[in-house]
Amino acid sequence: MRHAVFSIRSVLVTLGALSILIAAGLAGFGLLGIQRQLDARKHVVVLEQALWNHTNADTFMDSVRTDVLRALQNAIGTNKEGDKFIRSELEHHLDVLHTSIAENLGLPLSPALHENYVALAGFVTTFTPAGRHAVELALADPAAGSANFERFRQSFKGLEELMDTVRDVLHEDVRHVRDSAARTAKRVKRMIVASALVGAMLLVLITTVAVRIAQGITADLANSREEAHRLALHDTLTGLPNRAFFAERMEHALAQVRRHRTMLAVLCLDLDRFKQVNDTLGHPVGDALLRAVAGRLGGCLRDCDTAARLGGDEFVIIQAPLGRVEDAGTLAQRIINVLSEPYDLNGHKVVIGASVGIALAPADTTDSDHILKMADMALYRAKADGRGVFRMFEPGMDTRMQARRMLELDLRRAVKAQEFALDYQPLVDLSSGQVGALEALVRWHHPERGLIRPDDFIPLAEDTGLIGPIGAWVLRQACADAAGWPADVRIAVNISAAQFKCPGLVATVLDALAASGLAPERLELEITETALLADADATLAVLHTLRAKGVRIAMDDFGTGYSSLSYLRSFPFDKIKIDRCFIRDLETSVDCKAIVRAVTGLGSNLGITTTAEGVETLAQLDQLRAEGCDQVQGFLFSRPVPAREVAALLGQAVDADRTGCLPGMAGHGHPELV
Ligand code: C2E
Ligand code: MG
Ligand code: MG
């Protein structure tokens, strides 16, 4: 901006200086012309003066010729008075002639004229005494009068001829000078007119150029101001309105809703697996994906709707005006469908999903801050409900969100205050009836709310990243406890998908082993399919490293995911834990029986231990034994118990009569079995 202002000023100053220079040049030119004209005039005046003087002298010469010659002719020998008159006349006329010639000689005449005048002056000087003498003679000797008169007349004639010659030269000079003065005047006039024209043209040209330049710079300034304004209101990556512009649009749209009693919907959008694409394929592909998403969103909207990018993969849409409430759901579904179509980004085929949360005005609120928060809560619900769906805001969500926020604050405090404890649940080897391992299950002893189970806080810990410190503590504590158990009893620790995203999981595990002195072979890590779902390569690398150190890896909750079987191929798991949902319906469901049979068969073929979770009844135990399952875990044997009770628990073996209840476990086992 400063640069542009500087340019405008410097250009105008330069052009101004240029015009002043040109004007000064033209004025100088004009003045020169005027000076030349004045000089020519002066010259004409001088010559006119000389001519006038000469004509004066000529007139006197005429008088001499007429008066003196006639008087002289008549007077010869007549009277003395006549003689006197002739003499004084001649004296007078010769004086006048002298004066006039002298005067002209003083004028700045041309060299030729001056030369003639010098000759004339010389002639007059010699003529004057000669003429006088001739007159004297003529008067003194009337007898010889006519001869003397003739002499005088001859002398006079010479003077006359010279006067004529001078007059002719003078006339010629006057004519010449007059002509040249006229020519000069004409030239000067032309020069002045031309200068004025050129000056005017240059002035017009300079003014036009200055105006054009000023206009150009002003337009540039306006353009750059407009561009700066646009950039301030738009997201540079996608070109969509940014948060500031969105807030402006939102206020405007809500004002319309209040004024015209119309409706609008705010749709908050979240891209499933965007982070994964960004992390695995790199930021250029991530950016291309965001641009493609923005483009597809644009195709779903009407001109009156607004799509904005608030940051990251956070998109939001204002659907206004909204005809019917259902239209918001229709748009949300269309967006989910369109965004779920495969993308071809820089040669990479990418598939993502989308979840949408919707809030309505005026039904939910007419406050711009609130409506965005409400749509966000609905989005949170959509994601919790399995993603790829849309959810409308419901009043209950607000209180749930607040409760969740409270819980999050509590959880942060709990990490610092060490409010966690571990319970252990045995995994019994069916072949020996011995406890082969104990699974560590974390508990939160809340000072006010009492015991909180992992299902109620682990997901929150995963979302907030608190799973990092909590998981590290579990590992350290479990290894330390297990180090005091018999050497043939393993410890199983759950590692959630989110823990693989925390840096240094390998180091955390190795530190826990080193600190406790526990042999790596006694540590079993239970992971679920979701850990392999996100960023599989990185997860597999961690798993391979740990397994190479001797740590065993178990696949937890087998059968609940989408492709548990395919994951078995991706990594050499040491154990499969069949999810308890299959065990629960084992007696009634043919499918469950078939699945359990298939998994145990698969396990024995692949050399992988199979463990059944959630074994609660003897019938289930019988079935599992019949199917060849290796290990069982469930309330039938023991509920999870605090660390201090583990020693007692390990001292017992499974009753041979298959009551299923570990002796000494009264109060922990299933009520029916105790
Ligand atoms: P899981 O790894 O599948 O753990 C087994 C869960 O099944 C435990 O619930 C256990 O109490 C329960 N259970 C055991 N036997 C029976 C039975 O016969 N019937 C029924 N109905 N349930 C039985 P819990 O302790 O509530 O843990 C729930 C989940 O929380 C665990 O499922 C595990 O995924 C997670 N979790 C527990 N502790 C930790 C931990 O330290 N770290 C992580 N990341 N996750 C943990
Ligand atoms: Mg487990
Ligand atoms: Mg499990």
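Keep in mind that what you see is a predicted model, and the values were worked out from it rather than measured. We count ligands from 1, going down the list as the structure has it; atoms in each ligand are counted the same way.
- Contacts of Leu441 with ligand 1, taken as heavy-atom pairs under 4.0 Å, involve both backbone and side chain.
- For His446, the NE2 atom counts as densely surrounded, since its 6.0 Å shell holds more than 12 non-hydrogen atoms of other residues, nucleotides or ligands.
- When the options Val293, Val277, Val351 are evaluated for a side-chain contact (heavy atoms from CB on, under 4.5 Å) with Tyr343, the one that passes is Val293.
- By the criterion of a heavy-atom distance under 4.0 Å, neither the backbone nor the side chain of Asp423 is placed next to ligand 1.
- The closest heavy-atom contact to atom 4 (O) of ligand 1, among the options Gln425, Glu439, Arg639, comes from Glu439.
- Protein heavy atoms are absent from the space less than 4.0 angstrom from atom 9 (O) of ligand 1.
- Arg639 forms a cation-pi arrangement with Phe635, by the criterion of a distance under 6.0 Å to the ring centre and an angle within 45° of the ring axis.
- Within the structure, salt bridge (Lys or Arg N to Asp or Glu O under 4.0 Å) pairs that include any residue of residues 589-607 comprise Arg597-Glu627 (at least two apart or interchain).
- Scanning for side-chain contact (heavy atoms from CB on, under 4.5 Å) contacts around Pro486 gives Asp488, Val489, Leu650, with sequence neighbours left out.
- The nearest protein heavy atom to atom 45 (N) of ligand 1 is closer than 4.0 Å.
- Annotation: side chain to side chain donor-acceptor pair (under 3.5 Å) contacts of Lys549 (sequence neighbours excluded): none.
- Of all the heavy atoms of Gln633, none lies under 4.0 Å from any atom of ligand 1, so neither backbone nor side chain is involved.
- Neighbours of the Mg ion (ligand 2) restricted to protein N, O or S atoms under 2.8 Å: the count is 4.
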